[in-house]
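Some notes on the structure that comes next.
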Amino acid sequence: MAYSQAGVEARVASADPHQLILMLYDGALMAIATASHQMDIGDVAGKGQSISRAIDIIGNGLKVSLDMEAGGELSQRMYSLYEYMCMRLLHANSQNDRSALTEVSALLGELRSAWEEIRQKLAQGAPV
């Protein structure tokens, strides 16, 4: 575990802001996938911890990274979407609702893909 943590810390230290956001998406997606597996095997405590981790990443990572002034309406919409995802994850945890996990995972996956595309265009010097 300590070795894994050191690897994450090294990647964070050397990451640009776009990579950091991708890492947040990846972390949330991994936490949701883990929660889904824990739901399968009946690990209630583990599922709760994994869902809490995903909520923390979305609420205290992705949501707080929004620039509400510069981002205007888009930032407002993203904020609302992140709030919705957190509510769906709470529902998934309390009701053991796999469809809510799947829904949030799909939304995060789409956002991650769009963010990766933006990052690649910026790296190539193309307008976004």
List the steps, then state whether side chain to side chain contact (heavy atoms under 4.5 Å, CB included) holds for M85 with L111. CA-CA 12 Å; M85 288 182 200; L111 292 171; 3.6 Å; yes

Are M68 and V64 connected, step by step, through hydrophobic side chains (Ile, Leu, Val, Met, Phe, Trp, Tyr) whose heavy atoms are closer than 4.5 Å? no

Tell me if a side-chain donor or acceptor on Q19 pairs with a main-chain N or O of D16 at a distance below 3.5 Å. yes

Evaluation steps, side chain to side chain contact (heavy atoms under 4.5 Å, CB included), between V104 and Y84: CA-CA 9 Å; V104 174; Y84 173 77; 5.9 Å; no

Distance check, rounded to the nearest 0.5 Å: Q76 atom CD versus L81 atom CG? 13.0 Å

S36 side chain vs I32 backbone, donor-acceptor pair below 3.5 Å: no

Please report the shortest heavy-atom distance between L101 and A35, naming the atom on each side. CD1-C, 4.3 Å

Any donor-acceptor pair under 3.5 Å from W115 side chain to H18 backbone: yes

How close do G61 and L24 get, heavy atom to heavy atom, and via which atoms? C-CD1, 3.7 Å

Hey, what do you get for SG (C86) to CD1 (I57), rounding to the nearest 0.5 Å? 10.5 Å

Rounded to the nearest 0.5 Å, what separates atom NE2 in H91 from atom CG in N96? 10.0 Å

What pair of heavy atoms forms the shortest contact from K47 to A92, and how long is it? NZ-O, 4.5 Å

Going by side-chain contact (heavy atoms from CB on, under 4.5 Å), name the residues that satisfy it together with R112, two or more places apart in sequence or in a different chain. L22, Y25, D26, L29, E116

Hey, what do you get for OG (S50) to CG (N93), rounding to the nearest 0.5 Å? 9.5 Å

Quick check on the hydrophobic clustering: are I51 and M30 connected, directly or via other members, by side-chain heavy-atom contacts under 4.5 Å? no

Interatomic distance, CD1@I21 vs CG@L62, rounded to 0.5 Å, equals 6.0 Å

What residues form a salt bridge (charged side-chain N to carboxylate O under 4.0 Å, His left out) with E73, not counting sequence neighbours? R77

Any side-chain to backbone donor/acceptor pair from S52 onto G48? Under 3.5 Å, distance only. yes

Verdict with reasoning, V44 to Q38, per side chain to side chain contact (heavy atoms under 4.5 Å, CB included): CA-CA 7 Å; V44 176; Q38 290 163 324; over 6 Å; no

Under the criterion side chain to side chain contact (heavy atoms under 4.5 Å, CB included), I'd like the reasoning laid out for I58 against E83: C-alpha separation, chi angles, the key distance, then a yes or no. CA-CA 8 Å; I58 294 167; E83 284 282 307; over 6 Å; no

How long is the straight-line distance from OG of S65 back to OH of Y82, given to the nearest 0.5 Å? 6.0 Å

